[in-house]
Amino acid sequence: MPEPEATGTERNTASPGTTPDSPPPTGGLSPRSVAAWVLVALIGAIGWGVLALSRGEEISAAWLLAAALGSYAIGYRFYARFISDRVLKVDKTRATPAERLDNGVDFHPTDRRVLFGHHFAAVAGAGPLVGPVLAAQMGYLPGTIWIVAGVIFAGAVQDMVTLFFSTRRDGRSLGQMARDEIGPVGGAAALIAVFAIMIILLAVLALVIVNALAHSPWGVFSIGMTIPIALFMGVYLRVLRPGRVTEVSVIGVALLLLAIVAGGWVAESSFASTFTLEKETLVVWMIVYGFIASVLPVWMLLAPRDYLSTFMKVGTIALMAVGVVLAVPTLKMPAVTDFAARGDGPVFAGSMFPFVFITIACGALSGFHSLVSSGTTPKMIQKETQVRVIGYGAMLTESFVAVMAIIAACIIEPGLFFAVNSPAGVIGTTVETASQAVTHFGFAISPEALAQAAKDVEETSLLSRTGGAPTFALGMSQIFSSVIGGAGMKAFWYHFAIMFEALFILTTVDAGTRVGRFMLQDTLGNVHKSFKDISWKPGVWLASAVVVGGWGYFLWVGVKDPLGGINQLFPLFGIANQLLAAVALAVCTTLLVKSGRLRWAWVTGVPLAWDVAVTLTASYQKIFSDDVKVGFFAQRDKYQTGIDAGKVLPPAKNMDEMHTVVTNATVDGALSALFALLIVIVLVDAARTCFKAISSPSSVRLSEVPWTESKIVAPAGLIPTAEERAELAAAGLDSGGGRAKEPVA
């Protein structure tokens with residue numbers, strides 16, 4: 001079969017009897033299938049109708065669940081297939097970089113089920129747990145609409161399309177693709193922006209873990225044990241029992257459950273002090289772990305650990321959804337609160353537009369995902385046809401986590417929600433002052449109720465436990481205790497949820513560090529060719545050290561920040577994350593245009609336009625707003641004025657902390673301005689490149705690698721179709737797929 005030229009002309013992979021522009025044959029829908037999909041659509045529509053039309057009364061959280069699940073099913077079955085088959089025209093006969101460049105370290109064809117687990121675990125970090133909880137301040141409706149609509153038309157599309165284009169470019173990083181396809185100016189701006197933003201994102205993710213595990217021997221032991229379990233699974237699959245995915249999964253899950261139970265034993269034993277760590281100690285261990293995870297072969301730790309954690313992540317969220325159906329909790333938070341209009345909420349300041357869309361970063365649209373989709377995953381995927389289930393499907397799964405997070409936040413009493421998520425400077429430090437402050441917000445709760453809520457989960461206090469994790473744990477414990485164990489089990493489920501969240505996020509940090517290493521090596525490869533070989537040991541060690549050193553610095557700053565690291569860094573995290581999504585969508589749109597798919601450029605172009613409007617508006621407000629609660633520089637000026645007058649302003653306790661606030665606010669403001677400027681440069685250069693490609697198609701050159709025939713046989717989805725089972729059987733393979741043992745008929 002001839003190789004296609006690396007120009008703007010698409011290779012015609014149409015089946016006999018079709019034209020290049022016609023969709024591949026799918027066999028159509030049977031009457032039974034049509035009826036089933038109509039029913040799914042009706043369930044989703046009814047759910048949305050109830051949510052939108054209910055005013056002033058409490059409704060069941062199950063309606064929110066129905067609206068989300070019905071929408072996800074329709075989006076995956078129809079929209080994702082349309083993009084995969086018609087827009088991208090995935091080619092199952094084309095070898096992926098995992099097959100062509102297999103080196104057993106970074107490039108390695110991986111069973112799609114394991115890779116789905118790795119990809120989901122890598123992208124599903126703090127965002128879908130923290131962002132929706134904080135956004136619940138505006139009510140349950142704005143956040144829910146953005147989570148569901150955003151993922152179907154923007155977030156999952158970005159992940160899948162980025163994965164596809166990176167796979168066709170030997171797994172190149174997002175920044176390098178921007179440099180290759182947009183041009184040297186926009187590419188250089190993208191490389192700098194992507195890497196700098198990556199460092200901030202990893203620091204915030206790690207900070208959430210540190211806050212969750214500090215002084216928690218149960219959590220530290222259980223999370224720590226996932227590392228040797230993952231190493232065992234990696235060796236088991238690679239050496240002891242190759243290909244036995246189901247077998248090792250059962251063993252791994254059993255060991256994981258044992259580690260969780262044993263964590264409770266350790267917390268009650270004489271070993272508790274050994275695993276009770278200060279935040280500063282956890283920072284050091286996080287940096288060490290991130291470095292080791294980045295340099296070890298991907299099959300040894302990263303892939304099995306992420307796959308293992310996915311069982312707990314998906315399993316727990318699925319059980320939580322079942323709990324919602326069985327317990328039928330009601331949504332106590334109003335559909336839309338007054339804070340949505342006023343923009344003076346105690347949890348975070350700012351109007352509904354743009355800050356709901358910035359706060360809910362992951363779960364709807366996340367630029368961080370594009371780094372994984374152009375980092376580890378394209379170097380491990382077996383077939384192009386799997387981009388739909390891994391790219392689009394994993395993102396839908398993360399969005400469902402975000403839906404469960406907003407349910408958890410909205411089923412608890414609003415008064416308790418605001419007492420937990422408001423800073424001490426707003427509500428005070430006692431249940432009496434908190435009760436008065438929350439009542440002033442319009443949501444009454446008594447001091448006795450606040451004290452009882454803490455007692456129920458065996459905590460001394462729940463006041464000002466900002467960051468979202470404790471609120472999610474409260475909601476989860478309420479759901480689970482309603483189904484299993486009653487009020488007596490509420491404390492167990494609360495601490496289980498805290499540990500679950502830490503495990504959820506840690507897998508993003510290790511995968512993200514490795515992706516950051518790929519990005520830096522790609523960039524340094526433009527200066528020294530040896531770095532282009534991402535398995536070159538000196539490059540691996542140097543790049544890994546730089547990445548962990550970068551996010552480690554911001555993590556340390558966040559731990560020491562008097563205003564609270566999450567309060568300071570999460571707004572910057574949200575803006576940076578969405579600006580990164582703008583880079584990814586700009587690169588994808590440019591590639592659609594350059595590869596002869598101009599008619600389909602709206603698939604990524606429309607989400608790009610929305611994202612740019614949201615993020616640049618938010619950036620402008622964070623930089624130039626005179627509101628001290630919103631603007632970074634306004635905050636800096638306030639504390640600098642205090643320093644000049646010799647006054648210590650709360651929550652700072654001394655002049656050293658005053659100077660820390662000034663420094664951190666200045667850095668945050670400067671970074672916001674830098675990120676926005678770099679993104680504008682990328683967008684302008686991308687527009688120039690697209691215009692040139694449209695006006696002069698013959699001048700287009702793509703960095704896509706030549707077509708090479710694939711020798712791997714593997715299903716496109718998690719469950720093989722009848723046709724795929726026959727193909728696997730003819731090749732002498734089980735459901736995991738692999739290189740054909742015999743010629744395929």
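Counting begins at 1 with the first residue of the sequence.
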Original post:
For the residue pair Leu174 and Ser374, what are the closest heavy atoms and their distance?
Top reply: N-OG, 3.0 Å
**OP:** Using a 4.5 Å cut-off on heavy atoms from C-beta on, say whether the side chain of Leu608 contacts that of Thr604.
**Re:** no
Subject >> Separation between CZ of Phe164 and OG1 of Thr385, rounded to the nearest 0.5 Å >> reply: 11.0 Å
Original post:
Quick one: are Val540 and Gln521 in side-chain contact, heavy atoms under 4.5 Å?
Top reply: yes
Subject >> Stepwise side-chain contact (heavy atoms from CB on, under 4.5 Å) check, Val667 with Phe554 >> reply: CA-CA 11 Å; Val667 171; Phe554 283 99; 4.2 Å; yes
Original post:
Say you draw a straight line from CG of Leu555 to CD1 of Ile200; how long is it, rounded to the nearest 0.5 Å?
Top reply: 11.5 Å
Subject >> Side chains of Asn577 and Ser366, donor plus acceptor under 3.5 Å >> reply: yes
**OP:** Determine, stepwise, if the pair Trp551 / Thr513 fulfils side-chain contact (heavy atoms from CB on, under 4.5 Å).
**Re:** CA-CA 9 Å; Trp551 63 255; Thr513 301; 3.3 Å; yes
Original post:
Out of curiosity, Ser166 OG to Gln176 CD, how far, rounded to the nearest 0.5 Å?
Top reply: 11.0 Å
Original post:
Distance-only, no hydrogens or angles: does the Arg514 side chain make a donor-acceptor pair with backbone N or O of Leu296 under 3.5 Å?
Top reply: yes
**OP:** Report yes if the side chains of Val123 and Met395 come closer than 4.5 Å at any heavy-atom pair, otherwise no.
**Re:** no
Subject >> Min side-chain heavy-atom separation Met380-Ile390 under 4.5 Å >> reply: no
**OP:** Would you mind reporting whether Leu365 and Gln158 have side-chain heavy atoms less than 4.5 Å apart?
**Re:** yes
**OP:** Please check if any side-chain donor atom of Ser294 sits under 3.5 Å from a side-chain acceptor atom of Ser544, or the reverse.
**Re:** yes
Original post:
Do you know which two heavy atoms are closest between Val612 and Ala582, and how far apart they sit?
Top reply: CG2-CB, 4.3 Å
Original post:
Does one side chain, of Ser619 or Ser672, offer a donor that lies under 3.5 Å from an acceptor on the other?
Top reply: no
Original post:
Heavy-atom distance under 4.5 Å between the side chains of Arg168 and Asp91, does that happen here?
Top reply: yes
Original post:
Nearest 0.5 Å, what's the CG-CD1 distance between Leu671 and Ile575?
Top reply: 11.0 Å
Original post:
Looking only at heavy atoms, which two atoms of His119 and Gly391 are closest? And how far apart?
Top reply: NE2-CA, 4.4 Å
**OP:** For the residue pair Trp707 and Thr93, establish whether any side-chain heavy-atom pair is separated by less than 4.5 Å.
**Re:** yes
Subject >> Donor on one side chain, acceptor on other, Thr110 and His118, under 3.5 Å >> reply: no
Original post:
Looking at Lys622 and Asp668, does any basic side-chain N land under 4.0 Å from a carboxylate oxygen?
Top reply: no
Original post:
Got a donor-acceptor contact below 3.5 angstrom from the Thr689 side chain to the Ile182 backbone?
Top reply: yes
Subject >> Pairwise distance CG(Leu255) to CE(Met225) - rounded to 0.5 angstrom >> reply: 8.0 Å
**OP:** Using atom types as modelled and distance alone, determine if a side-chain donor or acceptor of Thr397 lies under 3.5 Å from a backbone N or O of Gly393.
**Re:** yes
Original post:
Distance-only, no hydrogens or angles: does the Thr377 side chain make a donor-acceptor pair with backbone N or O of Ser373 under 3.5 Å?
Top reply: no
Original post:
Short question: side chain of Gln386, backbone of Pro715 - any donor-acceptor pair under 3.5 Å?
Top reply: yes
Original post:
Does one side chain, of Lys383 or Ser710, offer a donor that lies under 3.5 Å from an acceptor on the other?
Top reply: yes
**OP:** Could you check Asp170 against Leu101 for side-chain contact (heavy atoms from CB on, under 4.5 Å), going step by step and ending with a plain yes or no?
**Re:** CA-CA 8 Å; Asp170 283 346; Leu101 305 176; 3.8 Å; yes
Subject >> Atom pair CZ (Arg172) and CZ (Arg179), whose distance is rounded to the nearest 0.5 Å >> reply: 10.5 Å
Subject >> Cys588 versus Thr162, closest heavy-atom pair with distance >> reply: SG-OG1, 3.3 Å
Subject >> Non-hydrogen side-chain atoms of Leu371 and Ile197 separated by less than 4.5 Å >> reply: no
**OP:** Without swapping roles, check the side chain of Glu181 against the backbone of Ser703 for a donor-acceptor pair under 3.5 Å.
**Re:** yes
**OP:** Using a strict 4.0 Å threshold on nitrogen-to-oxygen distance, state whether Arg739 and Asp102 make a salt bridge.
**Re:** no
Subject >> Stepwise side-chain contact (heavy atoms from CB on, under 4.5 Å) test for Leu282 and Val220 >> reply: CA-CA 9 Å; Leu282 283 167; Val220 169; 4.3 Å; yes
Original post:
If you take all heavy atoms of Gly175 and Leu191, which pair is closest and at what distance?
Top reply: C-CD2, 3.2 Å
Original post:
Judged by atom type as modelled, is there a donor-acceptor pair below 3.5 Å linking the side chain of Arg597 to the main-chain atoms of Val87?
Top reply: yes
**OP:** Of all the heavy-atom pairs spanning His108 and Arg238, show the shortest one and how long it is.
**Re:** CE1-NH1, 3.1 Å
Subject >> Positive for salt bridge (charged side-chain N to carboxylate O under 4.0 Å, His left out) with Glu384, one of Arg94, Arg112, Lys92 >> reply: Arg94
